[in-house]
Each structure stands twice: as C-alpha cells, then as structure tokens.
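Report on one structure; see the data block that follows.
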2 protein chains.
Amino acid sequence: MEKTTVDIERAANVLKLLGDKTRLTIIGLLKANECCVCEFVEILQMSQPAISQHLRKLRDAGLVKEERRGHWIFYKLNDTNDIYPLVSEVLEHIPDQTEKLEALEKSGKRIQCN
Amino acid sequence: MEKTTVDIERAANVLKLLGDKTRLTIIGLLKANECCVCEFVEILQMSQPAISQHLRKLRDAGLVKEERRGHWIFYKLNDTNDIYPLVSEVLEHIPDQTEKLEALEKSGKRIQCN
DNA sequence: TGCATATATAAGCATATTCTTATAAGATTA
DNA sequence: TAATCTTATAAGAATATGCTTATATATGCA
C-alpha cells in the first residue's frame, strides 16, 4: 500500500521480469510461502535448468532472496527492496497460487524438501 | 484501489507490455492526458513507425483506445477494461510523466495537434 | 481532383529471450 | 573419500522483440 516511486527504467525492468508466466507464477507462489527449486520444477512442469535460470534473473534484480538448507536452496520474496511495494501490489491482482502448493503437498511431493 | 484479479496468463501479457521503457512511458503520459502520435514521437525521440508499433500492441491488448480527430489520432487509457485496475496501480509506482508534456508545450510543439 | 499531413502497415535485420543438453559445484551420507 | 542429491552454469538453437526503411491509408484543403 506504500506509495513509493521508482525510476521508470527500473520499473520497466521489473515489470518485464514479471511479464513472463513462469516467473509471475514463481513470484505468486512466494507471496505466501518459501519454496525450493524442486518444488517449482514440479509445479511448473519445467526442467530444472529452466527454473534455475528464471530464479537467477529474479535474484539478480533483487526480487527474491535465496537461503541454502542442506541440499536444498529455498527462495523467498525480498521485501527489503525499493521495488517490493510494486511487486506486492501486482500480486494483489493475480489469482492466489497457494492451491498449487497444496496440491503438491497432497501428492506427497513437498515433504521431501522439508 | 479495486481488487480485481485477472488470469495469470493475461496478467503476464499485460506486464510484459508494460515492461518496456517506451511503452511504460507512453502509458505514464496517458495517465493524465490524451496524446496524439506525433507527441509521443517528439517526447520519446523515436521514429513514427516505432511509436505506432508500440501503440498497436497496447491497443491490441486493450490498454489504450484511439480516437481520430481530423488528421490526428488521439490515444487515451482504456479504463473500461478488466486489467485497468492493474495498470492503474502500476502507474502509482512510477514518476509522473506530465512534466514531459509541459516541456513539449513550452517548446510550442504541442499546439499544432490541437 | 490533386496534394500535403498524420498515421498504419509490411518486410527485413539485429538483438534478446528462453528453452535444451551437458557439465560443474556445493552439501550430505555411507 | 566416494557416491548421491540438489542446484547452478555454459553453450547452442529456436523463437520473439524492436527497430529501420519503404510504402499504404485516411483525412483535410486548395
């Protein structure tokens, strides 16, 4: 809800990152949860390198943070960022993605990473 | 401020359109004003075909509407659209673009289209 | 009707993007 | 240390994007 304004070039770059269905879904999933790479692979039905490359772009732009826990690397939204208010606002306008995580949990594929 | 949710694929497509500095500036200019093509050409310092092609994309996606007045075609934001709330919210996070129009007006180049 | 003005469209090219496959790197466990 | 698991990176190919130049279309006016 904060009204922070960012440079138009930076805003365009962030929006371009969000302007990809895969990345927007990733960010949508991270709105309510931390996720590890293998979960994205499972939910989005894409190859692990493809997911990793999307995550790298999001990380390079400061939209997400990573944290290793044993074998797994968990990603979460970076809320200490000048563009977080914009990202957060965008997320208000897309459908909740948590059901996808729940479906994953039901199928038993989430447990392995925890 | 409305909380309308759009399909994630449609949202991604809209964000991709906004994820270009030229188009984001165009939309930013239209937030407070109608503009004709030649004004965009002048402000953005780009060729007329390049501007026209950006406007076509924005129009095809329903983000803007056009209206011919004599020689000129004026563009304005399409606020009767399911994605307008998203677009509008994004605009809250970028700097005001109207100063660019004012500068154009001062240089006397805006008058010709009115 | 003929010409000028503003805008749109088409084709082509350079660059960017997003996958794929192959491989490397970091962490855990036997 | 060796084997295994998870993730990252690199290289290459297919496709998408955004410009340029050339041309078409629509309107207004002499």
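Quick note on labels: first sequence line is chain A, next is B, and so on, each numbered from 1. None of these values were measured; they are calculated from a predicted model.
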Fill in the blank from the handout: Atom CG of B:Asp60 and atom P of C:dA8 are separated, to the nearest Å, by 11 Å
Handout entry: Separation of D:dA16 P from B:Leu17 CG (nearest whole Å)
Key = 15 Å
Handout entry: Under-4.0 Å salt bridge between B:Glu67 and B:Lys65
Key = no
Handout entry: Close side-chain approach of B:Tyr75 to B:Leu29, heavy-atom, < 4.5 Å
Key = no
Handout entry: Exceeds 12 heavy-atom contacts within 6.0 angstrom, atom NZ of B:Lys21
Key = no
Exercise for the section: With the side chain counted from C-beta on, respond yes when A:Lys31 and A:Glu92 share a heavy-atom pair under 4.5 Å apart, and no when they do not. Expected result: yes
Handout entry: Qualifying residue, where the test is side chain to side chain contact (heavy atoms under 4.5 Å, CB included) with B:Val14 and the options are B:Leu58, B:Asp82, B:Val87, B:Val90
Key = B:Val87
Practice task
Nearest whole angstrom, please: distance from the P of D:dA26 to the CD of B:Glu67.
Solution key: 18 Å
Can you pull every protein N or O that's under 3.5 Å from an N or O on nucleotides 16-19 of chain C?
residue : atom : partner : partner atom : Å
C:dT18  : OP1  : A:Asp20 : OD2          : 3.3
C:dT18  : OP1  : A:Arg23 : NH2          : 3.2
C:dT18  : OP2  : A:Arg23 : NH1          : 3.1
C:dT18  : OP2  : A:Lys57 : NZ           : 2.6
C:dC19  : OP1  : A:His54 : NE2          : 3.3
C:dC19  : OP2  : A:His54 : NE2          : 2.8

Handout entry: Rounded distance in Å - CH2 (A:Trp72) to C1' (D:dC5)
Key = 8 Å
Completion exercise
note: B:Phe74, atom CZ; C:dA8, atom P; distance rounded to Å ~ 12 Å
Practice task
Find the distance B:Leu44:CG to C:dT7:P and express it as a whole number of Å.
Solution key: 14 Å
Exercise for the section: First locate atom CD of B:Glu66, then atom CZ of B:Arg56, and finally report the distance between them rounded to the nearest 0.5 Å. Expected result: 11.5 Å
Exercise for the section: Going 5' to 3' through nucleotides 22-29 of chain C, assign each nucleotide B (protein heavy atom under 4.0 Å from a base atom), S (under 4.0 Å only from sugar-phosphate atoms) or - (no protein heavy atom that close). Expected result: B---BBS-
Practice task
Just call it for A:Tyr75: base, sugar-phosphate, or nothing, with non-hydrogen atoms closer than 4.0 Å on any strand.
Solution key: sugar-phosphate
Problem - Counterpart residues, side chain to side chain contact (heavy atoms under 4.5 Å, CB included), relative to B:Ala32 (two or more places apart) - result: B:Thr98
Handout entry: Geometric cation-pi criterion, B:Arg69 with B:Phe74: 6.0 Å, 45°
Key = yes
